[in-house]
Amino acid sequence: MGAREWTETRAIELLAALVAVGVLMAGLAAGVPFLRARIPEVFLYSTCCLSAVVLHAGLDLSVRGVRRLVRAAPRTAPAPAVAVPAALEPASA
């Protein structure tokens, strides 16, 4: 997924969350009895809805960044085996 597709996907998620918040707030403003009886829950849900989308986008972006850094890291060859000097080899009997 490229940057353009990622941005479009996150924009759609954010727009959906904003629409949900807008519907809830409009219901409160219109005086819907069900929502007026639960004003704290409506505000809590609205806040959680938006923050979840933003948190998801931030976590997704950070994981993608780490994966990209790991893939771009230079691959080093393993160190060559070190020859043991003759003085340290076991004596043959």
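Values in this document were obtained by computation on a predicted structure and should not be read as measured data. Here, residue 1 is the first one in the sequence, and each next residue gets the next number.
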Worked verdict on R10 versus D60 for side-chain contact (heavy atoms from CB on, under 4.5 Å):
CA-CA 10 Å; R10 297 303 162 250; D60 187 34; 2.6 Å; yes
First locate atom CZ of F43, then atom CG of L24, and finally report the distance between them rounded to the nearest 0.5 Å.
10.0 Å
Please answer: with hydrophobic residues joined when any side-chain heavy atoms are less than 4.5 Å apart, are L14 and V19 in the same cluster?
no
Please name all residues satisfying side chain to side chain donor-acceptor pair (under 3.5 Å) with R68, sequence neighbours left out, ordered by chain then number.
none
Do you know the tightest heavy-atom contact between V53 and A17?
CG2-CB, 3.7 Å
CG-OG distance between L28 and S46, expressed to the nearest 0.5 angstrom
7.5 Å
Would a 4.5 Å heavy-atom cut-off, applied to side chains only, mark R36 and V42 as touching?
no
Distance check, rounded to the nearest 0.5 Å: E13 atom CD versus L18 atom CG?
12.0 Å
Look at the side-chain heavy atoms of Ile, Leu, Val, Met, Phe, Trp and Tyr, link any pair under 4.5 Å apart, and say whether V63 and L69 land in one connected group.
no
Transitive ILVMFWY side-chain link V32 to V21, under 4.5 Å
yes
Any link between L50 and V23 through a network of hydrophobic side chains (Ile, Leu, Val, Met, Phe, Trp, Tyr) touching at under 4.5 Å?
no
Is I12 reachable from V54 through a run of hydrophobic residues whose side-chain heavy atoms are each under 4.5 Å from the next?
no
